[in-house]
Amino acid sequence: MWKGRFKEDTARVVQEFTQSLDLDWRMARHDIYGSIAHVRMLGETGILDKRECEKIEDGLLKVLSEIQSGKFKPEIELEDVHMNIENRLTQLEPLGAKLHTARSRNDQTAVTVRLYLRDRLLNLAESLINLLKAVLALAEKNKLVIVSGYTHLQQAQPISFAHYLLAWFEAFSRDYERLKFALNALNECPLGAGALAGSTLNIDREFTAKLLGFDKATCNSLDTVAQRDYMADFHYFASVFAVHASRLSEDFIIWSTQEFGWLKLPDAFCTGSSMMPQKKNPDVLELVRGKTGQVLGHMIDLLVSLKGLPMTYDRDLQEDKRGLFASLDVIDSVINILTPLILKVEVNEDIALESINGGKGRGFALATDIAEYLVERGVPFRDAHYQVGKLVAFCIENNLKFKDLSLEQWQAHLSSCDEDLLNLISPEASVANRNSYGGTGFKQVELQLGNAKERAAALESEFKELQERMRIKI
Ligand code: ARG
């Protein structure tokens, strides 16, 4: 394409080193849509003859169908998706030589990757809504199921399992907002920025922006070809989401071990051992955890590439797509495996309750409830904390659980208590009584679940509007 300036052909090793087809060929359809919008604009503004433009558009559609049927194989001699398509177009329709009027590959690659990323992000948004709905469905089933809550991975206080799941609803819905932020950030049209400084021709940038479902044309041509921070916005979403998915996986992995044992993972989402017949391994969740590092790495990769780049376009930017596509694929697969897995997770309630009530010397998860009982009877919290702490030590020394203590023993250790205390000593009562706003009390959870369902429904209808706003109008 640049033969005019050169006396020698490009060396084969250089072609191999500089090509980006292995990366960008997957954006062929989006590249063609960008070109169709561009050529329509050239016709609309009178820069090219309208009939010529129609022929070029027909040619582009032919190239598209050749690509979709697998008939057209790109060549690395032509470096990237953009030049392969333009070259094939010109073979089919010589007027194709006019397509690159008022355009550079710098604004072309920018528009193509934004269109591609937008498609993928809309897809992820839909999948993420499905994940949110799966979390809610499991929460609905587990409203009255009590499990242990942990801090420092030590048993802390009993909680409703639904409350735990609703915690993920919160985190994943914030991820959804981050995803939406990335979508909005990318939705400006680079076409017309040219190589870096715009065009001498009378182009209409709003026309192409509108056709391609962008909110507007980008307003600075240098910024347009140089910057990739909208990609960084995606990477940030992807990183935080991956970290969330990894933590959830870690919880499920731990709770499904023989040592905890109260969470049952679906057989269909676990694998066995080639040697040990008894094994049921949580490989899916381990891989979710294991893929997280890559996603974080890709964010750093982009930011490090950008940090020393002189304005405006530098070829380093070609590499921006490697980590982008890899992270898109990872996040897509993670969301789509977690959703069906979550729907089938079960709690073994007997084991869960047993681990709170006693067994293996445990069973002090209600200690805070007792301290708060004392507070209600006027004991300063620090004193109450001390008294209950002493009582726990006494129980451990004498191999007793709270359940084993007589009223006299309670009274011997606590400065103020009556028979009504005994009614508090159950995981059910403990959860039921935690009705402060946002707490694990059954009534609170019911309320939170109702709110969460409304929010999920609102996200769904908002998503449809987003999809419509960003639709390509070709
Ligand atoms: N394949 C290139 C990329 O992905 C297209 C832009 C090339 N521009 C250039 N000035 N060499 O960034």
Side-chain angles (χ1 to χ4, degrees), residues 1-6 8-35 37-38 60 63 67 72-90 96 99-120 186 188-199 208 218 220-232 234-235 298 301-328:
M1 299 256 172
W2 46 72
K3 282 237 154 71
R5 163 75 177 77
F6 287 77
E8 283 183 312
D9 287 342
T10 315
R12 181 70 191 174
V13 280
V14 172
Q15 291 177 347
E16 281 165 6
F17 188 71
T18 57
Q19 66 83 27
S20 55
L21 269 179
D22 54 345
L23 280 178
D24 58 25
W25 187 243
R26 59 157 93 186
M27 306 189 298
R29 184 165 58 88
H30 301 87
D31 193 63
I32 288 176
Y33 282 129
S35 290
H38 181 63
L60 283 164
V63 179
I67 293 170
F72 174 31
K73 299 267 179 281
E75 296 162 11
I76 68 157
E77 288 80 354
L78 292 162
E79 201 175 287
D80 59 19
V81 63
H82 318 295
M83 297 217 281
N84 266 281
I85 288 172
E86 188 184 329
N87 187 64
R88 182 64 189 141
L89 166 70
T90 313
L99 172 63
H100 215 51
T101 308
R103 190 175 70 169
S104 154
R105 270 189 303 155
N106 295 351
D107 57 347
Q108 186 181 359
T109 191
V111 76
T112 301
V113 75
R114 283 184 194 231
L115 289 175
Y116 177 83
L117 181 59
R118 191 174 67 185
D119 250 8
R120 296 292 305 267
L186 71 74
E188 295 183 2
C189 188
L191 270 182
L196 75 163
S199 174
T208 36
T218 55
N220 181 299
S221 61
L222 306 176
D223 175 62
T224 305
V225 296
Q227 299 299 0
R228 296 292 187 265
D229 44 281
Y230 66 90
M231 284 188 192
F234 158 73
H235 283 294
H298 294 143
D301 176 18
L302 176 75
L303 294 174
V304 172
S305 301
L306 292 176
K307 83 173 264 295
L309 284 192
M311 284 278 260
T312 54
Y313 179 87
D314 302 275
R315 193 61 178 273
D316 317 45
L317 290 173
Q318 178 166 289
E319 291 292 323
D320 61 2
K321 288 169 279 297
R322 196 173 303 277
L324 180 73
F325 294 167
S327 283
L328 280 168

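This one's a predicted model, so the numbers in the text were calculated from it and none came from an experiment. Counting starts at 1 for both ligands and their atoms, in listed order.
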Could you tell me, for ligand 1, which of its N or O atoms are under 3.5 Å from any protein N or O, listing the pairs and their distances rounded to 0.1 Å?
unit_1   : atom_1 : unit_2 : atom_2 : d
ligand 1 : 1 (N)  : Ser20  : OG     : 3.3
ligand 1 : 1 (N)  : Asp80  : OD2    : 2.9
ligand 1 : 1 (N)  : Gln318 : OE1    : 2.9
ligand 1 : 4 (O)  : Lys321 : NZ     : 2.9
ligand 1 : 8 (N)  : Asn106 : OD1    : 3.0
ligand 1 : 10 (N) : Asn106 : OD1    : 3.2
ligand 1 : 12 (O) : Tyr313 : OH     : 2.5

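Side chains of Thr18 and Arg315 form a contact here, defined as non-hydrogen atoms less than 4.5 Å apart.
Residues meeting the ring pair (Phe, Tyr, Trp, His ring centres under 6.0 Å) test with His30, sequence neighbours left out: Tyr116. Residues that satisfy the salt bridge (Lys or Arg N to Asp or Glu O under 4.0 Å) test with Asp119, not counting sequence neighbours, are Arg29.
Under the side-chain hydrogen bond (donor to acceptor under 3.5 Å, both in side chains) rule, Arg105 has a single partner from Glu79, His100, Glu86, which is Glu79. For the side chain to side chain contact (heavy atoms under 4.5 Å, CB included) with Arg88, the qualifying choice from Val63, Leu78, Ile67 is Val63, the only one to do so.
Counting only residues at least two apart or on different chains, the salt bridge (Lys or Arg N to Asp or Glu O under 4.0 Å) pairs with a member in residues 222-231 are Arg228-Asp320.
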